[in-house]
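Take a look at the structure below.
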Amino acid sequence: MTPAAPVTALRGRHLLSIGDLDPGEITLILDTADAMREVGERQIKKVPALRGRTVVNLFFEPSTRTRTSFEIAEKRLSADTLNLAVSTSSVVKGETLLDTVSNIEAMQPDMLVVRHASSGACEQLARHCRSHIVNAGDGLHEHPTQALLDAYTMRQHLGRLDGLQVAIVGDLLHSRVLRSNLLLLRKMGATVRVAAPRPLVPVGIEALGAIRCRTIEEALEGADVVMMLRIQLERMQNNFFPSLREYFTLFGLTAARLALAKPHAIVMHPGPMNRGVEIASEVADGPRAVILEQVANGVAVRMAVLYLLGGSDE
């Protein structure tokens with residue numbers, strides 16, 4: 001059988017969901033990120049790949065890592081970058097999301113990086129906008145660039161994605177990071193085990209390819225990767241567990257629990273961390289944690305995404 005030709009371009013104009021990417025496209029983004037990571041190691045951290053292109057960052061939710069990461073990525077590609085302060089925009093006066101973006105589009109930007117509290121907001125914009133849309137997190141739906149940078153970090157440390165045993169523990173119910181990672185890791189041949197208190201487990205999570213575990217110990221046994229998710233108290237309308245102390249006692253990642261994973265296992269967290277809630281400081285600051293490497297790799301991966309989307313116009 002003739003091997004499939006390597007993928008050299010993304011099929012779509014937007015990055016809305018990991019579900020829209022096939023394994024070849026995921027590999028292309030990760031391979032391109034290798035070259036972009038090298039740019040960040042230079043004394044002059046800039047290439048002219050997106051010179052003359054305008055990228056508008058529209059963040060309708062608070063963000064530190066993702067927004068800063070995208071802005072640095074854009075500047076390293078020499079794009080002209082605009083950050084819209086939503087708190088001072090017409091949205092607070094009652095203007096709809098589509099009207100706000102339509103007004104911005106009238107100024108001829110090339111790409112829009114969007115974070116919004118409503119699931120599906122980016123897909124709605126993609127149906128109406130001329131610009132390329134990059135989903136920087138929409139509601140409880142997806143966070144595709146986070147999953148890509150997580151995969152890049154796994155591949156960097158472990159050399160592969162196929163065959164990895166990945167444990168994801170924490171607030172599964174409210175996590176868009178979980179959904180994107182599940183889609184990507186299953187596409188790339190990894191096995192994903194998840195654990196959380198029963199009220200924080202989404203109904204039908206097994207249909208997404210996850211193996212549900214009742215305890216954190218069961219999830220961590222023999223894992224190559226341990227990914228902890230933040231307890232998103234700001235999204236919780238009810239009491240999902242008695243107290244934060246009890247949560248940590250039952251589902252927090254401690255050094256003793258990490259010993260159940262493989263000796264080479266890495267510890268990941270998409271941030272921000274709640275120390276003493278989902279992860280102990282001794283683990284977060286320990287030698288097996290790659291949390292700050294995830295942040296650094298996020299710039300390279302987002303550079304790759306912007307370059308591959310922006311380059312499709314040439």
Side-chain angles (χ1 to χ4, degrees), residues 1-37 49 70 73 111-114 119-127 129 131-138 140-166 168 175-192 194 204-211 224-225 227 268 270 294 297-298 300-314:
M1 182 181 294
T2 304
V7 176
T8 58
L10 299 180
R11 294 170 298 160
R13 296 189 65 252
H14 313 290
L15 178 59
L16 307 176
S17 167
I18 292 297
D20 297 333
L21 301 175
D22 62 32
E25 291 174 300
I26 293 170
T27 300
L28 172 64
I29 293 172
L30 302 186
D31 290 346
T32 304
D34 280 331
M36 298 303 175
R37 183 169 176 266
F70 267 111
M111 306 178 76
L112 303 176
V113 178
V114 181
S119 301
C122 295
E123 293 185 11
Q124 180 190 17
L125 293 178
R127 290 195 293 268
C129 292
S131 306
H132 299 284
I133 305 294
V134 179
N135 182 358
D138 62 331
L140 305 182
H141 177 225
E142 275 210 51
H143 194 348
T145 59
Q146 180 68 47
L148 287 163
L149 74 89
D150 290 342
Y152 183 82
T153 304
M154 293 178 203
R155 194 177 77 162
Q156 184 182 52
H157 278 270
L158 302 172
R160 72 190 198 283
L161 295 175
D162 185 32
L164 290 183
Q165 300 287 325
V166 180
I168 302 180
S175 179
R176 54 195 172 206
V177 173
L178 168 71
R179 288 159 178 78
S180 290
N181 265 295
L182 262 177
L183 288 170
L184 188 151
L185 292 169
R186 295 298 296 139
K187 283 176 184 277
M188 302 304 288
T191 299
V192 181
V194 299
I205 193 170
E206 295 86 353
L208 295 176
I211 299 172
D224 299 290
V225 178
M227 182 182 297
M268 308 180 74
Q294 290 174 261
N297 289 338
V301 167
R302 288 168 177 131
M303 286 176 70
V305 168
L306 294 166
Y307 169 74
L308 291 168
L309 290 176
S312 67
D313 293 333
E314 299 181 354

Requested in this report: Please name the residue in the list Val113, Val134, Val114 that meets the side-chain contact (heavy atoms from CB on, under 4.5 Å) test with Cys122.
Outcome: Val114
Query raised in the report: Which atoms form the tightest heavy-atom contact between Gly19 and Leu183, and what is the distance?
Result: N-CD1, 3.9 Å
Report task. Name all residues meeting the side chain to side chain donor-acceptor pair (under 3.5 Å) criterion together with Thr27; count only those two or more places apart in sequence or in a different chain, and write none if there are none. Result -> none
**Report entry** For Val192 against Ile168, the heavy-atom pair lying closest together
**Finding:** CG1-CD1, 3.8 Å
Query raised in the report: Got a sec, which residues hit side chain to side chain donor-acceptor pair (under 3.5 Å) with Asp224, two or more places apart in sequence or on another chain?
Result: Lys262, His264
Report summary line: Closest non-hydrogen atoms of Leu148 and Val301, given as atom of the first, atom of the second and distance, are CB-CG1, 3.6 Å
Query - Non-neighbouring partners of Ala147 that pass side chain to side chain contact (heavy atoms under 4.5 Å, CB included), sequence neighbours left out - result: Ile18, Ser180, Asn181, Leu184
Query raised in the report: How many angstroms lie between CE in Met268 and CG in Leu149, if you round to the nearest 0.5 Å?
Result: 7.0 Å
Report task. Could you pull out the closest heavy-atom pair between Ala151 and Leu161, with the gap in Å? Result -> O-CD2, 3.6 Å
Requested in this report: Apply salt bridge (charged side-chain N to carboxylate O under 4.0 Å, His left out) to Arg11 and list each qualifying residue two or more places apart in sequence or on a separate chain.
Outcome: Asp22, Glu25
Query raised in the report: Could you go step by step and tell me if Gln146 and Gln294 meet the side-chain contact (heavy atoms from CB on, under 4.5 Å) rule?
Result: CA-CA 9 Å; Gln146 180 68 47; Gln294 290 174 261; 4.0 Å; yes
Query raised in the report: Can you name the side chain to side chain contact (heavy atoms under 4.5 Å, CB included) partners of Ile211, sequence neighbours left out?
Result: Thr191, Arg193
**Report entry** Nearest-0.5 Å distance that lies between atom CD in Glu123 and atom CG in Asp20
**Finding:** 7.0 Å
Query - Spatial distance of atom CG (Leu185) from atom CE (Met154) [nearest 0.5 Å] - result: 4.5 Å
**Report entry** Flag side-chain contact, heavy atom, 4.5 Å: Leu208 against Arg186
**Finding:** no
Report task. Return the set of residues passing side chain to side chain contact (heavy atoms under 4.5 Å, CB included) with Ile205 (not counting sequence neighbours), or none when no residue passes. Result -> Leu172, Leu178, Leu182, Val194, Val201, Pro202, Ala210
Requested in this report: Rounded to the nearest 0.5 Å, what's the gap from CE on Met227 to OG on Ser175? Could you check?
Outcome: 9.0 Å
Query - Nearest-0.5 Å distance that lies between atom CG in Leu158 and atom CG in Leu164 - result: 5.5 Å
Requested in this report: Report the C-alpha distance between Asp150 and Val225 in whole Å, list the side-chain angles of each, state the deciding distance to 0.1 Å, and finish with yes or no for side-chain contact (heavy atoms from CB on, under 4.5 Å).
Outcome: CA-CA 10 Å; Asp150 290 342; Val225 178; over 6 Å; no
Report summary line: The reported gap from OH in Tyr152 to NE2 in His157 (rounded to nearest 0.5 angstrom) is 10.0 Å
Report summary line: Applying side chain to side chain donor-acceptor pair (under 3.5 Å) to Gln124 and not counting sequence neighbours gives none
Query raised in the report: For the side chain of His14 and the backbone of Ile133, is there at least one donor-acceptor N/O pair under 3.5 Å apart?
Result: yes
Requested in this report: Identify, with sequence neighbours excluded, every residue that meets salt bridge (charged side-chain N to carboxylate O under 4.0 Å, His left out) alongside Arg155.
Outcome: Asp31, Asp34
Query raised in the report: Does the pair Arg127 and Leu125 meet the rule for a side-chain contact (heavy atoms from CB on, under 4.5 Å), with working shown?
Result: CA-CA 5 Å; Arg127 290 195 293 268; Leu125 293 178; over 6 Å; no
**Report entry** side chain to side chain contact (heavy atoms under 4.5 Å, CB included) partners of Ala304, counting only residues at least two apart
**Finding:** Ile29, Thr32, Ala33, Met36
Query raised in the report: With no hydrogens and no angle check, is any side-chain donor or acceptor of Lys187 less than 3.5 Å from a backbone partner on Ile26?
Result: no
Query raised in the report: Taking only residues two or more places apart in sequence, or in another chain, which ones meet Asp138 in a side chain to side chain donor-acceptor pair (under 3.5 Å)?
Result: Asn135, His141
